[in-house]
Peer 1: 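Handing you a structure now.
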Amino acid sequence: FLGTTQINAQDFFVLEWGEDIPVAATDFDDNRPKIALNDAGEPVIIWGKNTGPIYTSVGTSEGFTTPVQLNPEGTTTYNADWTGPEVAGANGEMYAVFQMEPQNTMGVHIVHSSDGGLTWSDTIRVDLLDYSLEQARYPNIAVTEEGQPMVGFMKFEGNWIEPHYVVSTSSDFGMTFNSDVNASNALVPGEACDCCMGELVASPTRNVMLFRNNDDNIREMYAVSSADGGQTFDQNWAVDLTETYSNTCFSSGPDGFVAGDKLYVAFRGHVEAGIRAHFSVSDVNNGVLEMHEMVDNNVAQNIKQTAVRIAGDANVRAVVWEEYVSLDHDIIAALEWGDGFQWRDTVNTNLSGQQINPDIIFDGTAFHITYTDKDLDQVMYRKGVLATGVNVAGLAEESAELQWNGQELIWNETGTWNLRIVNLNGQLVHKETTSKQRIDLSFLSTGIYGVQVWNTSGQMMSLKINK
């Protein structure tokens, strides 16, 4: 990370948006973009084209570079709007992985960059499979602190049966790879959901394979972890309490990262409220799920949330997802810093047509987001700089939007609002979600408080009150 967020209990976070920028011309297509950061903090974005090529572009101070094709000329790759290449980097090294076509013979390949994603190596085969007996697809990648790649992929036995995730490691910067080791069905009942991408997460203590499992059509998210650099995977646990049931595959996997001793995961789950973005926190060392919640349930039941991604650090997290009703699709971002998700906003500025498949990464001070704009037929990029709200002492005592009569808080705006009250020490004393415009706060003890009221569109009102 380029920086580290410092959190005070009274802080309220928002994102200050930069421009919504096209990454490349429409000629390069827009399948399922993914994003990483190079050591200079520049976004490196990778995506696919329907006819088979995959491209990458670097966001420099002069704009995004002309896209570079990563697969050799004359070859094709397996990519679509729900699956495709992945990119990651650390310690000056960047890697991209992808599935070559035809899938039953060409296998998983990797390319390597040591100049921040501007130029890339020739392709190197990752898997060591006998394709008369086994098959591979859905590669994903993590990079250790030392810059060494780890590649996870789904492996099938026989004729595309018994899907499970495996991990193959390298100690020579991706020049060669060790034999794969099982990272899913050896420990978890059932089998990997055979059309859902997994996510491999590297950390100094434990490396984690995240995937959607399928145990008799219960399709929940699991974590399987390794304490020896991916040589063996010895610990597993569910990071998902939704008991999502589906007799068909819906092509939506998990995303996550490790910060300190916590594993943060975001994913799509099916619950009574509908198809929703979910968030969970686990202790990565002992494999214990500590918290699971919906990211934002203050939406109508006919609104669906999918393609859920997460980034952040130990102090603050952002989740992005695709939110849709019928053919109206938008990209939504929400922030969380220890007391639930308290701010959300629409990422895309073009509200026509469909905006789908977001991805996100954090540099310590800003979140970098990419997504597909199907209306424009382009990959898009937008940066949101993390900004904090003022502390209680700095809040105004009068407001044209909020009124305080000594017992009640009053505002004129209609709709659903979130209310948060902190004391002078920044400690949370009350929160609620309400459609009322007059809130009785007579229960508060005598003292000075900071009040923050905001809606799902990101509109916020603040006031200092004396009870």
Side-chain angles (χ1 to χ4, degrees), residues 22-36 38 43-59 64-89 93-141 143 149 151-156 159-160 166 168 170 172-177 180 195 197 251 357 359 370 372 374 376-379:
V23 173
T26 57
D27 294 349
F28 294 97
D29 215 344
D30 55 13
N31 274 349
R32 192 179 171 271
K34 294 297 175 183
I35 190 168
N38 61 24
V44 180
I45 298 177
I46 189 172
W47 70 96
K49 187 174 183 177
N50 282 331
T51 55
I54 55 173
Y55 300 103
T56 187
S57 178
V58 181
F64 279 92
T65 59
T66 301
V68 174
Q69 182 173 325
L70 296 187
N71 58 301
E73 289 290 343
T75 66
T76 59
T77 67
Y78 182 51
N79 75 86
D81 63 2
W82 59 274
T83 185
E86 299 277 347
V87 63
E93 312 297 336
M94 301 206 73
Y95 303 89
V97 291
F98 45 90
Q99 171 79 49
M100 297 283 282
E101 292 272 37
Q103 295 179 59
N104 60 351
T105 59
M106 290 298 292
V108 173
H109 288 71
I110 191 170
V111 291
H112 177 204
S113 174
S114 294
D115 60 5
L118 295 175
T119 62
W120 297 82
S121 71
D122 291 336
T123 56
I124 296 171
R125 182 74 171 257
V126 174
D127 68 271
L128 305 175
L129 305 187
D130 178 350
Y131 269 67
S132 66
L133 303 173
E134 304 164 310
Q135 300 84 34
R137 59 167 43 162
Y138 309 146
N140 54 91
I141 188 163
V143 183
V151 177
F153 57 91
M154 187 178 289
K155 184 175 176 180
F156 298 81
N159 186 24
W160 300 98
V166 298
S168 184
S170 173
D172 56 9
F173 301 96
M175 295 301 296
T176 61
F177 282 84
D180 61 74
C195 66
M197 298 283 290
S251 304
N357 287 333
D359 196 23
T370 187
T372 295
K374 298 303 291 184
L376 301 176
D377 291 325
Q378 288 181 291
V379 173

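Side chains included, hydrogens not; waters and symmetry mates left out as well; all remaining heavy atoms used.
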Peer 1: Does either side chain, that of N31 or that of N79, offer a donor lying less than 3.5 Å from an acceptor on the other one?
Peer 2: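 Result is yes, a qualifying pair exists.
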Peer 1: Looking at D122, I'd like to know if its CG atom is crowded, meaning that more than 12 non-hydrogen atoms belonging to other residues, nucleotides or ligands lie closer than 6.0 Å.
Peer 2: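 Incorrect, the count does not exceed 12.
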Peer 1: In Å and rounded to the nearest 0.5 Å, what is the NZ to CD1 distance from K34 to I46?
Peer 2: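 Taking NZ in K34 and CD1 in I46, the distance rounds to 11.0 Å.
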Peer 1: Taking the side chain as everything from C-beta on, heavy atoms only, tell me whether T56 gets closer than 4.5 Å to V87.
Peer 2: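 Not touching, per the 4.5 Å side-chain cut-off.
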Peer 1: Show me the pairs that pass ring-ring contact (aromatic ring centres under 6.0 Å, His included) and involve residues 105-126, at least two apart or across chains.
Peer 2: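 Sorted pair list: Y95-H112.
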Peer 1: Side chains of F177 and P149: closer than 4.5 Å at any heavy-atom pair?
Peer 2: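 Side chain of F177 against side chain of P149, heavy atoms only: contact under 4.5 Å found.
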Peer 1: Report the distance from atom OG1 of T75 to atom CG of L70, rounding to the nearest 0.5 Å.
Peer 2: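 Here the interatomic distance stands at 10.5 Å.
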Peer 1: Atom CD1 in I45, atom OG1 in T370: separation rounded to 0.5 Å?
Peer 2: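 Answer for the CD1-OG1 pair, I45 versus T370, is 4.0 Å.
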Peer 1: Could you grab the distance from atom CE of M106 to atom OG1 of T123, nearest 0.5 Å is fine?
Peer 2: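 So the CE of M106 and the OG1 of T123 are separated by 7.5 Å.
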Peer 1: Test side chain to side chain donor-acceptor pair (under 3.5 Å) on T77 and E101; report intermediate values, then the result.
Peer 2: CA-CA 5 Å; T77 67; E101 292 272 37; over 6 Å; no
Peer 1: Closest heavy-atom contact between Q378 and P22?
Peer 2: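 Of all heavy-atom pairs spanning Q378 and P22, the closest is NE2-CB, 3.5 Å.
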Peer 1: What heavy-atom pair brings G107 and Y131 nearest, and what distance separates the two atoms?
Peer 2: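 So the two residues come closest at CA-OH, 3.1 Å.
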Peer 1: Taking side chain as C-beta onward, heavy atoms only, is P33 less than 4.5 Å from T372?
Peer 2: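 Sidechains of T372 and P33: in contact.
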Peer 1: Check M197 against P139 and note the closest heavy-atom contact, atom names and distance.
Peer 2: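 So the two residues come closest at CE-O, 3.8 Å.
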Peer 1: What closest approach, in Å, do A36 and A88 show between heavy atoms, and which atom pair accounts for it?
Peer 2: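 Heavy atoms of A36 and A88 come nearest at CB-CA, 4.0 Å.
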Peer 1: Apply the side chain to side chain contact (heavy atoms under 4.5 Å, CB included) test between V58 and each candidate in V44, V23, T66; give the one that qualifies.
Peer 2: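 Among V44, V23, T66, the one that satisfies the side chain to side chain contact (heavy atoms under 4.5 Å, CB included) with V58 is V44.
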Peer 1: Would you say that K155 contacts L129 through its side chain, given a criterion of any heavy-atom pair below 4.5 Å between the two side chains?
Peer 2: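 The answer is yes, as the side chains (C-beta and beyond) meet within the 4.5 Å cut-off.
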Peer 1: Do N71 and T76 have side-chain heavy atoms sitting under 4.5 Å apart?
Peer 2: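 Heavy-atom side-chain distance check fails, nothing below 4.5 Å.
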Peer 1: I need the E86 CD to I141 CD1 distance, nearest 0.5 Å.
Peer 2: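 The CD1 atom of I141 is 9.0 Å from CD of E86, to the nearest 0.5 Å.
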Peer 1: Using a 4.5 Å cut-off on heavy atoms from C-beta on, say whether the side chain of W160 contacts that of E134.
Peer 2: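 No; the side chains remain at least 4.5 Å from each other.
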Peer 1: Is it true that a side-chain atom of S121 and a backbone atom of V111 form a donor plus acceptor pair closer than 3.5 Å?
Peer 2: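 Side chain of S121 to backbone of V111, a donor-acceptor pair under 3.5 Å: no, none is there.
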Peer 1: Please determine, by modelled atom types, if Q99 and R137 share a side-chain donor-acceptor pair under 3.5 angstrom.
Peer 2: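 Short answer, no.
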Peer 1: State, to 0.1 Å, how close G117 and M94 come at their nearest heavy-atom pair, and which atoms those are.
Peer 2: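 That closest heavy-atom pairing would be N-SD, 4.1 Å.
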Peer 1: Please test W47 against F28 for side-chain contact (heavy atoms from CB on, under 4.5 Å), starting from the C-alpha separation and ending with a verdict.
Peer 2: CA-CA 9 Å; W47 70 96; F28 294 97; 4.0 Å; yes
Peer 1: Between the main-chain N or O of C195 and the side-chain N or O of W82, is there a donor-acceptor pair closer than 3.5 Å?
Peer 2: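 No, W82 side chain to C195 backbone: no donor-acceptor pair under 3.5 Å.
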Peer 1: Is any side-chain heavy atom of D377 closer than 4.5 Å to a side-chain heavy atom of D29?
Peer 2: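 Counting from C-beta outward, D377 and D29 never come under 4.5 Å.
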Peer 1: Please confirm whether the backbone N or O of S168 pairs with a side-chain atom of D180, one donor and one acceptor, at under 3.5 Å?
Peer 2: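 Between the backbone of S168 and the side chain of D180 there is no qualifying donor-acceptor contact (under 3.5 Å).
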Peer 1: Quick check on the 6.0 Å ring-centre criterion: do F153 and Y138 meet it?
Peer 2: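 No; Y138 has its ring centre 6.0 Å or more from that of F153.
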Peer 1: For the residue pair S170 and M175, what are the closest heavy atoms and their distance?
Peer 2: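 Smallest interatomic distance, heavy atoms only, reads OG-N, 4.1 Å.
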Peer 1: When you compare the side chain of D30 with that of K374, does any pair of heavy atoms fall below 4.5 Å?
Peer 2: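 Side-chain contact under 4.5 Å: yes.
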Peer 1: To the nearest 0.5 angstrom, please state how far the OG atom of S57 sits from the CG atom of L118.
Peer 2: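 Going from the OG atom of S57 to the CG atom of L118 covers 9.5 Å.
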Peer 1: If we ignore hydrogens and angles and just use 3.5 Å, is the side chain of K49 paired with the main-chain N or O of D27 as donor and acceptor?
Peer 2: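 Present.
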